[in-house]
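What follows is a single structure, written as structure tokens, with notes after it.
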There are 2 protein chains.
Amino acid sequence: MAASIHISLKHKSYLREPESTELGRKIISESIKIIDALGFEQFTFKKLAAEIGSTEASVYRYFENKHKLLVYLISWYWAWVDYTVTFQTHNLPDPRQRLNKALEVLVNAGQEDDPNVAYIDERILYRIVVAESSKVYLTKEVDAENKEGYFLEIKKFCRHLAQLVLAVNPDYPYPHALVSTAMEAAHQQLYFASHLPSLTEIKYSQHAVEETIQFLKHLVYSAIDNSK
Amino acid sequence: MAASIHISLKHKSYLREPESTELGRKIISESIKIIDALGFEQFTFKKLAAEIGSTEASVYRYFENKHKLLVYLISWYWAWVDYTVTFQTHNLPDPRQRLNKALEVLVNAGQEDDPNVAYIDERILYRIVVAESSKVYLTKEVDAENKEGYFLEIKKFCRHLAQLVLAVNPDYPYPHALVSTAMEAAHQQLYFASHLPSLTEIKYSQHAVEETIQFLKHLVYSAIDNSK
DNA sequence: CATTTATGATAGTATTACTATTGTAATTAA
DNA sequence: TTAATTACAATAGTAATACTATCATAAATG
């Protein structure tokens with residue numbers, strides 16, 4: 001198990017920093033469990049407050065609304081994945097090895113003993129990311145929230161992956177489009193495997209993650225190696 | 001302009017068939033406009049009823065809730081795209097030509113004079129599909145709704161595209177995963193181009209559609225042609 | 001020791017997401 | 001032609017949601 005780390009976000013989707021207080025950390029850890037159990041639509045601050053033995057009003061002192069809490073969780077996740085990829089590719093000399101490892105982390109994140117944080121269960125958070133993450137930007141407020149910097153972490157990770165792609169082939173013309181597609185596909189294919197299996201060849205089993213990695217690697221390298 | 005067509009769905013996301021009455025058709029056409037204008041979260045049956053000069057209770061006789069109305073709209077869209085692809089590829093002899101055309105329709109749908117239906121504005125519906133379609137299956141009810149057949153249309157179109165892929169190369173191992181990825185990517189890349197431009201090379205302009213088609217064709221054919 | 005800060009307790013509001021009932025005009029069936 | 005069905009509008013009402021506001025108090029800080 002890696003040493004304890006601290007992930008800090010570049011924006012303020014929160015009103016008060018949740019990492020800094022006991023109540024704040026309970027809000028994070030318990031909201032992860034409830035969103036996973038009920039889905040984001042059925043998740044309310046009232047249910048959360050009841051679960052942590054606090055009140056709605058107290059939760060509202062940390063986050064303006066549940067959407068901003070989701071933004072926080074998803075941003076935290078991308079910052080954490082970015083850190084994990086940096087960490088895991090650190091000593092790999094070959095660009096292909098680095099991209100391989102990055103894709104493995106992208107699909108596998110939350111399954112292994114990556115760097116972790118005590119009050120966040122990355123495995124459950126990963127399920128939330130798979131099922132709920134597109135809801136953070138598929139709203140009418142996307143442009144305003146983008147200006148506030150709410151998507152800096154996902155953009156940073158996208159840039160990071162795109163650089164790994166360009167290190168393999170500097171002539172590939174769509175590095176960001178390719179990796180943003182792969183980032184979404186990683187989660188979607190796992191979701192399809194367990195809920196809409198006729199949309200994918202990936203089988204819902206203990207090998208789903210490996211199959212998804214295989215699919216993504218084939219997709220990504222076929223595209224990269226087929227340029228110039 | 002193609003002859004008027006009738007799209008009928010295989011499931012009953014509705015309580016009463018909206019195509020069969022004046023009020024039903026008004027519910028469909030006006031809900032498309034309001035969801036596009038306000039986003040799905042801000043859309044309510046009360047606002048819809050006010051706009052069409054009816055009442056909430058009357059709208060509830062057609063759809064149990066707004067989620068099922070969205071399921072109806074998105075299902076209708078996929079059935080319509082499937083029909084359009086069938087129509088447009090009908091006389092093309094070469095498998096690559098057919099797959100090309102299918103990808104063009106996928107990205108372009110709603111921009112051209114495809115087969116249409118009087119009370120549905122396909123261009124506006126297309127914007128809804130881009131921004132809201134993943135919300136139909138990213139819910140806790142996905143398995144129950146899948147059993148009800150709510151996703152038959154998207155699955156059918158996925159199967160259709162996968163067959164076109166296999167006609168090009170029968171040895172490609174992930175036809176469904178590839179086309180479900182492409183279906184999502186088509187919409188996502190257009191959305192990113194206009195709201196999160198650093199996630200893609202596609203520029204928000206009158207050429208965004210063409211650039212997306214280029215990207216997708218490169219992605220799909222690289223993968224297909226790199227097998228066996 | 002004074003004061004700020006964090007939280008809890010409680011109350012209240014507007015909106016949402018419905019359900020139920022009733023009256024009536026238009027269709028359809030006998 | 002009349003009787004029965006249906007489609008819809010009008011109205012009322014409920015429980016839950018998504019907040020906002022106020023006040024008291026305990027704990028931390030200066």
Side-chain angles (χ1 to χ4, degrees), chain A residues 12-31 34-35 37-73 119 132 135-136 138-141 144-145 150, chain B residues 12-31 34-35 37-73 119 132 135-136 138-141 144-145 150:
Chain A
K12 302 234 330 228
S13 46
Y14 52 83
L15 295 170
R16 181 170 302 176
E17 209 177 342
E19 309 191 45
S20 64
T21 67
E22 182 61 25
L23 180 62
R25 289 186 293 270
K26 274 207 247 170
I27 287 171
I28 299 303
S29 60
E30 195 60 34
S31 67
I34 301 179
I35 293 173
L38 306 182
F40 185 65
E41 283 73 26
Q42 303 306 314
F43 167 75
T44 68
F45 279 1
K46 194 169 192 176
K47 292 172 186 171
L48 171 61
E51 211 61 41
I52 61 183
S54 180
T55 62
E56 244 185 307
S58 295
V59 176
Y60 274 103
R61 291 194 186 99
Y62 283 83
F63 291 97
E64 255 180 79
N65 52 53
K66 68 176 184 171
H67 179 256
K68 300 215 172 179
L69 172 54
L70 185 65
V71 169
Y72 180 90
L73 295 176
Y119 62 96
E132 321 284 0
K135 294 170 191 170
V136 305
L138 291 178
T139 71
K140 280 286 162 184
E141 294 77 35
E145 295 189 345
Y150 287 8
Chain B
K12 301 234 329 226
S13 45
Y14 53 82
L15 295 170
R16 179 170 302 175
E17 209 177 343
E19 310 191 45
S20 63
T21 67
E22 181 62 24
L23 180 62
R25 290 186 292 270
K26 274 208 249 171
I27 287 172
I28 299 302
S29 60
E30 195 60 35
S31 67
I34 301 179
I35 293 173
L38 307 182
F40 185 65
E41 284 72 25
Q42 302 307 314
F43 167 76
T44 68
F45 279 0
K46 194 169 193 177
K47 292 172 186 172
L48 170 62
E51 212 60 41
I52 61 182
S54 180
T55 63
E56 246 185 306
S58 295
V59 176
Y60 274 104
R61 292 198 188 94
Y62 283 82
F63 291 97
E64 254 181 80
N65 52 52
K66 69 176 185 170
H67 179 257
K68 301 216 170 179
L69 171 54
L70 185 64
V71 169
Y72 180 90
L73 294 177
Y119 61 96
E132 320 285 0
K135 294 171 191 170
V136 304
L138 291 177
T139 72
K140 279 285 163 183
E141 294 76 35
E145 295 189 345
Y150 287 8

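Throughout, a chain's letter reflects where its sequence line sits, starting with A, and its residues are numbered from 1.
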For atom [atom1] of [X] and atom [atom2] of [N], their distance in whole Å:
X	N	atom1	atom2	value
Lys46(A)	dA11(C)	NZ	P	13 Å
Gln42(B)	dT16(C)	CD	P	8 Å
Leu15(A)	dT7(C)	CG	P	13 Å
Lys68(A)	dA18(D)	NZ	C1'	14 Å
Leu48(A)	dT7(C)	CG	P	13 Å
Glu22(B)	dT27(C)	CD	C1'	16 Å
Glu17(B)	dT6(D)	CD	P	16 Å
Arg25(A)	dT7(C)	CZ	P	10 Å

N/O donor-acceptor pair under 3.5 Å between [X] side chain and [Y] backbone:
X	Y	value
Lys66(B)	Glu41(B)	yes
Lys135(A)	Leu70(A)	no
Lys47(A)	Gln42(A)	yes

May I ask you to verify if any side-chain N or O of [X] is less than 4.0 angstrom from the OP1 or OP2 atom of [N]?
X	N	result
Arg16(A)	dT5(C)	no
Tyr62(B)	dA7(D)	no
Ser54(A)	dG8(C)	yes
Thr21(A)	dT7(C)	yes
Thr55(A)	dA9(C)	no

- Message: Just to be sure I understand the rule, does Gly24(B) reach a base, reach only the sugar-phosphate, or reach nothing, if contact means heavy atoms closer than 4.0 Å?
- Response: nothing

- Can you check whether Tyr119(B) reaches Ile28(B) side chain to side chain, under 4.5 Å on heavy atoms? yes

- Task: For the residue pair Val59(A) and Leu23(A), establish whether any side-chain heavy-atom pair is separated by less than 4.5 Å.
- Result: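 Val59(A) does not reach Leu23(A) side chain to side chain.
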
- Parallel, tilted or perpendicular for Phe43(A) and Phe40(A), by the 30°/60° rule? parallel

Close N or O pairs between protein and nucleotides 17-22 of chain C (under 3.5 Å):
from: dC18(C); atom 1: O5'; to: Tyr60(B); atom 2: OH; distance (Å): 3.0
from: dC18(C); atom 1: N4; to: Glu56(B); atom 2: OE1; distance (Å): 3.2

- Message: Any donor-acceptor pair under 3.5 Å linking the side-chain atoms of His67(B) with those of Glu141(B)?
- Response: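 Short answer, no.
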
